[in-house]
Structure formats: structure tokens, C-alpha cells
There are 2 protein chains.
Amino acid sequence: MSPPQVHIVVGLSAVIVAVRGETPVVLTLSRPLEVPAAGEALGLAAVPSAVGADGWAEHPGAAERDAIPFGPLDPVGDRTLELGLRRWVREQTRLQPGYLEQLYTFADRERSRVGSARVISVAYLALTREEEVSGAGEPRWVPWYEYFPWEDWRGGRPSVLDRHIRPALEHWAAGGSDPAVSRTRHSRAAVAFGWGSAPWDPNRVLDRYELLYEAGLVTEAWDDQPNPQPPQAASATGRPMALDHRRILATAMERLRGKLSYRPVVFELLPVAFTLLRLQRVVEALAGDVLHKQNFRRLVVTGGLVEATGAVETNTGGRPAELFAFRREVLLERPAPGLGLPRRKFPAGQ
Amino acid sequence: MSPPQVHIVVGLSAVIVAVRGETPVVLTLSRPLEVPAAGEALGLAAVPSAVGADGWAEHPGAAERDAIPFGPLDPVGDRTLELGLRRWVREQTRLQPGYLEQLYTFADRERSRVGSARVISVAYLALTREEEVSGAGEPRWVPWYEYFPWEDWRGGRPSVLDRHIRPALEHWAAGGSDPAVSRTRHSRAAVAFGWGSAPWDPNRVLDRYELLYEAGLVTEAWDDQPNPQPPQAASATGRPMALDHRRILATAMERLRGKLSYRPVVFELLPVAFTLLRLQRVVEALAGDVLHKQNFRRLVVTGGLVEATGAVETNTGGRPAELFAFRREVLLERPAPGLGLPRRKFPAGQ
DNA sequence: CGGCCTTGTACTCAACATGAGCATAGCCAT
DNA sequence: ATGGCTATGCTCATGTTGAGTACAAGGCCG
């Protein structure tokens, strides 16, 4: 049968996000499922196992890296990609995420090889309330800012930006093969990280990660290098993940941050009733920035996004807070109902 | 080698958009390339040909339907999906689109079968200036509103909405198997089409199309039915396309409309120098709505998106118009530079 | 019990953005 | 020059947004 052929694996992967208190967490497997290697049948249930010779452990360190839930599409049984993904997630984590949205399809030859097969991985974003997870693969919830320390501005501008990232990126930019390349690199870095006149844009998570990758400042960038050079400052640029999973996570964060402002997605992460401060904290956690309390309340209440339930929560540490619930009718009233994020321009305060 | 296996085709398809005068146009092939059928080698050059027994002509009418450019990924040669797509587009249309963005990955078992293979199609959006196209497959530019007549509100609310779509959709909603289903359907239709208190949202192109599909009001919905029932009002719901290509086009329109307001993408569709009216007309064409001229100018000029070139265009039919150009520096200044679309709330006017 | 700390909630204000329309400028054809 | 046309400048009312002040209502502690 025809020329020597490279096997294609259509994989489905899920970034499953929840919020624990004020921390966004992602579901990761420290012991991922083995993926069928070239020549094996596709779309049959994969068997959990230690990492084998031809599985994930292709490049150094991969075995110990966190991975997101992943499984191949069953071309016969799975009617749609989304159904296939739900199946996998259920099997691997016993979670039934309510909200599920396709993110992006990754297929770079060099960045997501598994064994010798070419991997096409379709990534999804799932939102859920935090729950106990269990199952093969040792699932656990990891705070997403462990992977992206520079994305959390709630405590002010993260120091790693100026202490490590900026000098390293500038060094990289300056080292461009010719002046034009250097200029492009500088400008890209400025836009992505908000240097010079450019402002920091909380979205653009992916731009930033990709820049760090290109500049060799994240561990993953060295995975497939012939001489696995030790990334010097890489320890400052967050915890690495398996394959290109950190890139997928960056995509998820970017999408979620963007969507916050025009779709009522936060409520997927909250219980039915919540105080306004809780809602605000969750939004802040995701956006990685601090908001103005009174204006947030105004936005959300007079904007018709929530409605009072009448009940109150008393253990607030101060005056009891009213409990609110998402107001579904808003979908019928406004074209793009979300939280336009009442930024806070200056230092701190209430 | 393992159980009876279904072949997977990873296809790359492109919605290539340009604007001719005040009409957005999409590149379609009236005689699409044949796709390798089950059992054949993947990723080798497909050969243009009349539609064969196991190719596109699976369901009635498919042969005569417009299709968008499409080609399989070469798992060995194509380093990335984007590069693979560029290769296909070049070969099939001789175009070299500048802007290219991944849209979505479609893989519904029932909606995109080719022969017996399972098709995973990764769709891209490409923006370009209109050019002569040629090549196998007889490429030509087709106004996109021919496929979506209800999306063009420039001449006021399209009459097909009230004359055909609304009654038909309401009939469909009312016919739900149980009251809960009926209620859901009504509400979905109201949100998507802006009935009742809900406003018309120019984005949501995909929601609308999918609703029409589910309700059996577009021709494609009947393609795979065992008894190909003649869709009655389907002629009012726009020109059909092959397979699920119209859905892909809807996705592209939605994405493009959305992106207009926060990324300077329009300029990909315009020559380097243009009058403000031309810019406005192009935006209007894409958004499917009419804008307020003076405010549009204010937005775009004081917003720093364009800069005067000094040159003027004289054949305007009135006072000569200054020629403007996109001002790249805006990328360094604002987080989300785009055209926040100065709507016009009332009838017509200047 | 009363002060004080804490968080919740109401309201005000200035700055800015947005929708709408009037008025004037400058070309062409008659 | 006059009228028709599009271009462009400017005003105005209203809405939205960032920021802050003030007061409410619990718990805790002396």
C-alpha cells in the first residue's frame, strides 16, 4: 500500500479550568496516558501505564512534566470532536464539565511529536467548579500562574518581568542576524510585554509565551534540540509542561480572559449563589489584575448580569453580604453580556 | 494490522476574503479538487478532475455546489498547518494571502464525509486584495451575501427575515417534541435573530446559520437524509455550498466581524492608500451595517489608526478626498486597536 | 455595652466616549 | 454662478467609566 507513510494521530486535549478561592487552577496529569504509537490502531481505548519507550518519554524530562488530559479521537465512535473529548475527560478524571469550547488546533511538526507519529491536536477549554478528581494518570489541580508567573499582576507588576524577562528578551532581540530582524524582535517584544509606549495587555498571553519560546527562555524550547542546552534563566519563566501543553494553556488563558468581557462565562466557575466580592475575586484571578470594587458592583448589578437572591452570607468578616445569582435573561437583552472589567489605574486601595 | 479501520483525512480549507467595491467576496471553486478516498495515500498531491464516483459527489447536488479551496495536510512535508495551507492555496489559486488565521476545526461525522473517510477539516481565514485568480478548479469570487442574504442590513432589515425565516423558525420551535424543547428553541432563535427584547447582533453569524440548519431550513440540512426531502423555503435562505462549507464561511464571517473592532484587520483588504469613505464602505460591507460617517472619521483619525498621506483623490464625485494610510505605530500605543463601529441608531441619512 | 475593625453598599463627580446632526469646503456639470 | 455632490470641521446632549467619599451592619474585644 502506497509510500512509506507517517501515521497521523488526531488527539483531543482539554484545558480544564476551575477556581479555588482566588486561584485559577488547571487539571493536569503527572502520569499521562500512553498514546498509541505509529503502526498501532487508532481510536481504541488507550491504556494507562507508565511511560513507555515509544510514548511520551521522547525527550528529556518529558516523563516528569505535567500534561493536560489527552486522548485520541475515535473516528468511528465519536460523532463529533466535542463528544469525543467529553468521553475522554470523563474516563480520565470523572469530571463532567458543563462549558466546553474549542480553542485551537496545534500541529507543528517539531513541537508535538509523540513517538514517530504526526500529532494533530485539537484543544478545548473546559470550565467547571472545582471537584475532587481521581482516576488513572493521577490528576491534580495546579494553579495556572505556576506556569505563567508573569501573568499575575494582582500584587503589582511581577518582578520577574524586569529582573529576568526583559533583559533576556532584549539580549535576544539585539542578537538578531541583521538589523531588520532585531528591530522586528524589539517591536514584537514591546507590544507583547508592554514596554516603551505600549501598554500591558492582559490578553496576549500567547504572544508572550511564544516570544519566550522563540527566544529560548522557556524550558520547552530546548526539548528537541540535538544538544539539550541547559536553559539558564528558564527557572524564572515558570514551570514547564509536556510537549506543547504550555502553549495550549496560554491559548486557553488568552481566550478565557478575552471572553470574560463579552460573554458571561465566569458563572460556570461559581456556585449558583455567590457574593459580589466572590465574583469579583474570581474575575480578578482570571484576569490577573485587580478591579475597582464599587464600579465592579455597579457594572454587574445595573448591567443586569446578576440578581439578588435575598439570602445573605454572614461569615464575611464584616457586614454580611447579599448573595447574588446569574441572571439568565440578560442573554435576551444585551448583545454581548460580560464584564467590561472596571480597571483600576493606580496603586492599591480598597 | 488491527481492526477494520476508518481512514482519517486531515484537510485544510481556506475562506479567502477580499472586497470588491462595496461587496465582500469569497473565493470558491465550482469544480473542486478530488480528495483522496479511503485506502489511498494521504498527503500526496491531489489531481484536479471531474467529480468521481467516490469523491465529492456523495450526496445529491454536491457536484454543482460551490466549495472553498481545500487540500489534505502532508504529514511529512508540511511543517505547520499554516504552511500546508499556504501551499494549497498557492497551487489552487495562485494567491499569496498575507493575513492568515486559523478559524476552527470541523469534524462532525455526518456533515463532512468525503467518500468513506472521516474528515477532520481545519479551516483558515485569509484576507487579501482582490486579484485575478486562475487555476484548476475554476476559482471565482462570489459575494458572500449570496450565501447569507439575511446578514446584510445595509439596505435596512432584510425582508427575508420576516417573510420567510421568522415564520419557519417559529413553526419549527413550536413543533418541539416537548414544551421544554420548544421553549429552548424559541429562546435560542430569539437570541440569535434578535426577536422580542433581544437586539440583532451582527456577530452571531454562526448561531443563526446553525439554527437554520437544525430547523432544516437550509438545503445542506437535507444532504445526508435517506429520503432527500425537498427543502421548501430553502431557496430563500441563500445559496448552498458543498459539504459543510457554508458553516465554515459563517464561522469566518463571525470571526472577521468580531475582529474588526479590536484588531486593524480591514487594512489587509485595502490598498495602502485609501479615502476614508472607502475604508468606511469596506467596514460596512463586512459588518453588514451602515455607519455614521462623521463619527467614523473621528474614531479612525483621532484614534490614530490612520494618517494622512497628503495625496488626494479627485474622482469622488464631489470635493476631493484626502488619501490616508494605516498607521502602524498604533499597535504600540493601544492594547486593542480596531474600529469600535460607530453605529447609526436610526433610519438613513448621509 | 461600646468602640473599633472589617466588609458591604450607596452615591457623587469629573473625564471621556459616543450618537447625532448642522454647517461649511471644494470639486464638477450645466 | 448655480446646484449637486462628497469631504470635513465642529457642537451638543447623553452615556460610560475611573475614582473616591460616606455610611451601613456585622463580629470581636476590652
Interatomic distance, [X] [atom1] vs [N] [atom2] [rounded to whole Å]:
| X | N | atom1 | atom2 | answer |
| --- | --- | --- | --- | --- |
| Asn295(A) | dT21(D) | CG | C1' | 13 Å |
| His292(B) | dA20(C) | NE2 | C1' | 5 Å |
| Leu291(A) | dG8(C) | CG | C1' | 17 Å |
| Arg297(B) | dA20(C) | CZ | C1' | 16 Å |
| Phe296(A) | dA10(C) | CZ | C1' | 17 Å |

Does dT8(D) have OP1 or OP2 under 4.0 Å away from a side-chain N or O of Lys293(B)?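 No, because none of the side-chain N or O atoms of Lys293(B) sits under 4.0 Å from OP1 or OP2 of dT8(D).
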Look at atom CZ of Arg328(B) and say whether more than 12 heavy atoms of other residues, nucleotides or ligands are closer to it than 6.0 Å.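 12 or below, so no.
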Set of residues satisfying side-chain contact (heavy atoms from CB on, under 4.5 Å) with respect to Arg239(A), sequence neighbours excluded: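 Counting only residues at least two positions away or on another chain, Arg239(A) forms a side-chain contact (heavy atoms from CB on, under 4.5 Å) with Asp66(A), Arg140(A), Val142(A), Glu146(A), Tyr147(A).
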By side-chain contact (heavy atoms from CB on, under 4.5 Å), which residues pair with Val266(A), not counting sequence neighbours? Leu260(A), Leu279(A), Val282(A), Val283(A), Leu286(A), Leu339(A)
Taking ring-ring contact (aromatic ring centres under 6.0 Å, His included) as the test, write out the residues that go with Trp141(B), two or more places apart. none
Please map the stems of DNA chain D, keeping only stretches of three or more Watson-Crick or G-U wobble pairs with both distances under 3.5 angstrom.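 C:1-30 with D:1-30 - these are the stems of 3 or more pairs that involve DNA chain D.
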On the side chain of Arg298(B), is there an atom forming a donor-acceptor pair with the base of dG9(D) - under 3.5 Å, no angle test?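 By the distance-only test, no, there is no pair.
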May I ask you to check if Arg157(A) and Trp150(A) form a cation-pi contact, with NZ or CZ under 6.0 angstrom from the six-membered ring centre and within 45° of the axis?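 No, a cation-pi geometry is absent between Arg157(A) and Trp150(A).
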Nearest to the Leu299(B) side chain among dT9(C), dT18(C), dG19(C), which nucleotide is it?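 Closest nucleotide to the Leu299(B) side chain: dT18(C).
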Side chain of Gln294(A): nearest nucleotide among dA10(C), dG18(D), dT7(C)?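 My answer, after comparing the listed nucleotides, is dA10(C).
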Base, sugar-phosphate or nothing for Leu277(B)? Non-hydrogen atoms, less than 4.0 Å.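 Result for Leu277(B) = sugar-phosphate.
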Identify all side-chain donor-acceptor contacts of residues 316-323 of chain B below 3.5 Å with residues at least two apart in sequence or on another chain.
residue   : atom : partner   : partner atom : Å
Thr316(B) : OG1  : Gly318(B) : N            : 3.2
Thr316(B) : OG1  : Gly318(B) : O            : 3.1
Thr316(B) : OG1  : Arg319(B) : O            : 2.8

What I'd like to find out is whether the side chain of Leu169(B) reaches to under 4.5 Å of the side chain of Trp195(B), using heavy atoms alone. yes
Going by the angle between their ring planes, with limits at 30° and 60°, are Phe326(B) and Phe267(B) parallel, tilted or perpendicular?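 If you compare the ring of Phe326(B) with that of Phe267(B), the planes turn out parallel.
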Going by an N to O cut-off under 4.0 Å, is there a salt bridge joining Lys259(B) and Glu101(B)?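 Here Lys259(B) pairs with Glu101(B) in a salt bridge, since their nearest N and O are under 4.0 Å apart.
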Mind running a 4.0 Å heavy-atom check of residues 304-334 of chain B against DNA chain D and sending the residues that fall below it, in number order?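 The answer is Thr316(B), Gly317(B), Gly318(B), Arg319(B), Pro320(B), Ala321(B), Glu322(B).
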